[in-house]
2 protein chains.
Amino acid sequence: MTTHSTAAAFGRQDGRLSVGGVPVDRLAERVGSTPFFAYDRQLLTDRIALLRATLPDQVKLSYAVKANPMPAVVQHLAGLVDGLDVASALEMRTALDTTVPPDRISFAGPGKTDAELRQAIAAGVTIEMESESEAERTGALGRALGVRPRVAVRVNPDFAVKGSGMRLGGGPQQFGVDCERVPALLKDLERADLDFLGFHIFAGSQNLYADSLIEAQRRTVELAVRLAGESPLPVRYLNLGGGFGIPYHDKDVELDLAAVGANLADLVAGPIRAGLPQARIAVELGRYIVGEAGVYVTRVVDRKESRGTTYLVVDGGLHHQLAASGNFGQVIRRNYPIGVAERIDGDPDETVTVVGCLCTPLDLLGKDVSLPRAGAGDLIVLFQAGAYGLTASPTAFLGHPAPAEVLL
Amino acid sequence: MTTHSTAAAFGRQDGRLSVGGVPVDRLAERVGSTPFFAYDRQLLTDRIALLRATLPDQVKLSYAVKANPMPAVVQHLAGLVDGLDVASALEMRTALDTTVPPDRISFAGPGKTDAELRQAIAAGVTIEMESESEAERTGALGRALGVRPRVAVRVNPDFAVKGSGMRLGGGPQQFGVDCERVPALLKDLERADLDFLGFHIFAGSQNLYADSLIEAQRRTVELAVRLAGESPLPVRYLNLGGGFGIPYHDKDVELDLAAVGANLADLVAGPIRAGLPQARIAVELGRYIVGEAGVYVTRVVDRKESRGTTYLVVDGGLHHQLAASGNFGQVIRRNYPIGVAERIDGDPDETVTVVGCLCTPLDLLGKDVSLPRAGAGDLIVLFQAGAYGLTASPTAFLGHPAPAEVLL
């Protein structure tokens, strides 16, 4: 079995994997169908507690709903974090259905439509504006609605973050306003009827290297202080983004969260206190909060041999867990941690290749993995399925039923 | 503007692209929202006519519903082709709702569940069995239902096809029964209560090279003849698969369909007449039939500059057209043909990068493309969107509304 740290974090009963105290095979009966996603409430709670214990109190926690917008997950996290970040009108509705006040909800994204902006203005959430023209539209829509929009400026920094899985800042970007143009925009905002709060500066996601994150956060704070110095309006908000990565593969390191926390404490005590004394500081995390708290469970339909390879064909596949198949933006496919639910810590008996039920060779969930022997009817578990799983997958591909999601 | 052959195949009105005779900007009003997919009925009809004119009469045409399962598209094609191929119970229901008789519907896929097999047996469709154990299950379920299942054996050949976008045969595979094990399976089938029809042998998809397809079809027929010679049961069906590719990128060649058709005529007149005299021969095409008949239409929300790059941010993105973003199994991202609907043949004014509305750098629809000037409100058209578009994309990603699909 995999010795991946995530697999170890879930419970066991009689050698079987459990989620929220329920063995996965019993859970499959409760759900009534496979495949399904199961998220562990306690692991979510533990992760927030870890973040609270490690990051300074002055740094507020925002949950990026896009990582996992299941309403039950968002409701649970809403009671634990300080804010929510949304990327669409639907995510905003989900966030507004929680007890998080609208002014602790931020809405980012480079292509907000007028309809979305109207909804955001009416709701009173913080619009993280991505361009000068979005600022103009937001002002005009606010006047039309008779509501003063709460806004922040998303800034495209003049640096990139090394080691990020995805780069969202530095060089030319569709995200945010280039930092060198922000001072001119701020002068315009002073004249506009907008409630300017501050900045969102975020340079890259899925980063496992504390050194890189530390450098990015230092440079982000420096940039924010510099921009605040040129701002005619007080800066009351700084969203540092997130980018805290989780280890998907055997060779991935675990992020040194303590080092990141210590650096944030230094930043809060130093440049932030000096240069941004009024600012509410937030980090916005999605994957880091939910990614390791979820599993994808799928049942073996067929066990077959082909020219020396043993295949386990399961009833799920890339239509539910695209990233695990290596086909969502990844250049090199590597296996996600995988196990047999009923013999989760069993010694491996054999090397098998686990494939989904779709009629495409892309539908590969585990290539040459060492597992205890499994056959038709057994349950295969894919770990690291809590973030960017179901909603980041082509669920309608080939027309199979949508999987259930449960939180327990 | 793109000079891509697909773009040229659609109509024009006053310099605007039209689909089914309706200018796309007017169509956007009719649909009532953007983004949307539009499929051109006449282009579908023309493509089938081209295939009928080029392939020998003895080769029957089957449409692979998975390429585009929109019911209106399937209904239209059902009136033009000889059969339908499905990959799930939902696709089977869509196919059964047409006038195509059940015995002209085939059901393939490596992970068919018992529930799906029961539905297929009850419907009387042809089950293309992917393993010995699936054969056993099919037999048992047929006995339980009191219905004799119609079956074919999907064969994993002992050769691969050069030049395929995806390989589905040769070496170890999750698809089909290795050809060297087929004779033993056929002996078992003789004793089972199954209505054995023949074989499905298919080695690779999205192939643009006639030479490769010709070699694959020759070897496929040779293999089928050899297997028929060892079969205790008559072979009444041979599904040669498809694999006919379409050109997505500027440097892609167009498939020489005439050469493929001439080869099929030789095969029909030669080895098929001699070795498979009773067999109904079919090719199964999806992408080749629908891929070039569809466009994805999305509206520019923002036009922005960032450090020397002009971005057009549109209201669609990879959540609807994942393959066009280069993130669905592609190793190297290349642009799909793209245009400005209102100035479809206009000379390019500038080089821009077209991005979707999602908050991820993966959401890239056209990098450094030459287009007539476009800004907020203009409609951007992505071609080659008729196959593996909407259903092969993560529609729920970030929670934006699902796009409409129209056939006209």
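By convention in this document, chain letters (A, B, ...) are assigned in the order of the sequence lines, proteins followed by strands, and residues within each chain are numbered from 1.
In terms of heavy atoms, B/Ala392 sits closest to A/Pro394 at C-CB, 3.5 Å.
Side chain of B/Lys304 to backbone of A/Gln174: a donor-acceptor contact under 3.5 angstrom is found.
Using a 4.5 Å cut-off between heavy atoms, A/Asp315 touches chain B through its side chain atoms alone. Neither the backbone nor the side chain of B/Asp114 comes within contact range of chain A; no heavy atoms are under 4.5 Å apart. Heavy-atom distances place the side chain of A/Val313, and not its backbone, under 4.5 Å from chain B. Using a 4.5 Å cut-off between heavy atoms, A/Leu358 contacts chain B through its backbone alone, with no side-chain atom that close. For a residue to count as touching a neighbouring chain, one of its non-hydrogen atoms must lie under 4.5 Å from one of that chain's; by this rule A/Ala87 touches chain B with backbone and side chain alike. Contacts of A/Glu116 with chain B are made by side-chain atoms alone, with heavy-atom separations under 4.5 Å and no backbone atom involved. Of the two parts of A/Thr113, the backbone and the side chain both hold a non-hydrogen atom closer than 4.5 Å to a non-hydrogen atom of chain B. For A/Arg333, no part lies under 4.5 angstrom from a heavy atom of chain B. Residue contact with chain B, scored on non-hydrogen atoms closer than 4.5 Å, involves the side chain of A/Arg181 exclusively. If you measure heavy-atom distances from A/Pro110 to chain B, the contacts under 4.5 Å come from both the backbone and the side chain. A/Leu398 touches chain B through backbone and side chain together, each having a heavy atom under 4.5 Å away.
A distance of 6.0 Å or more separates the ring centres of B/Tyr311 and A/Phe175.
In summary, A/Arg307 and B/Glu180 engage in a salt bridge, as defined by a charged side-chain N under 4.0 Å from a carboxylate O.
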- Message: side chain to side chain contact (heavy atoms under 4.5 Å, CB included) for A/Tyr388 and B/Phe397? Distances and angles first, verdict last.
- Response: CA-CA 8 Å; A/Tyr388 302 114; B/Phe397 194 40; 3.5 Å; yes

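Here the CG-CE distance, from B/Asp302 to A/Met129, works out to 11.5 Å after rounding to the nearest 0.5 Å.
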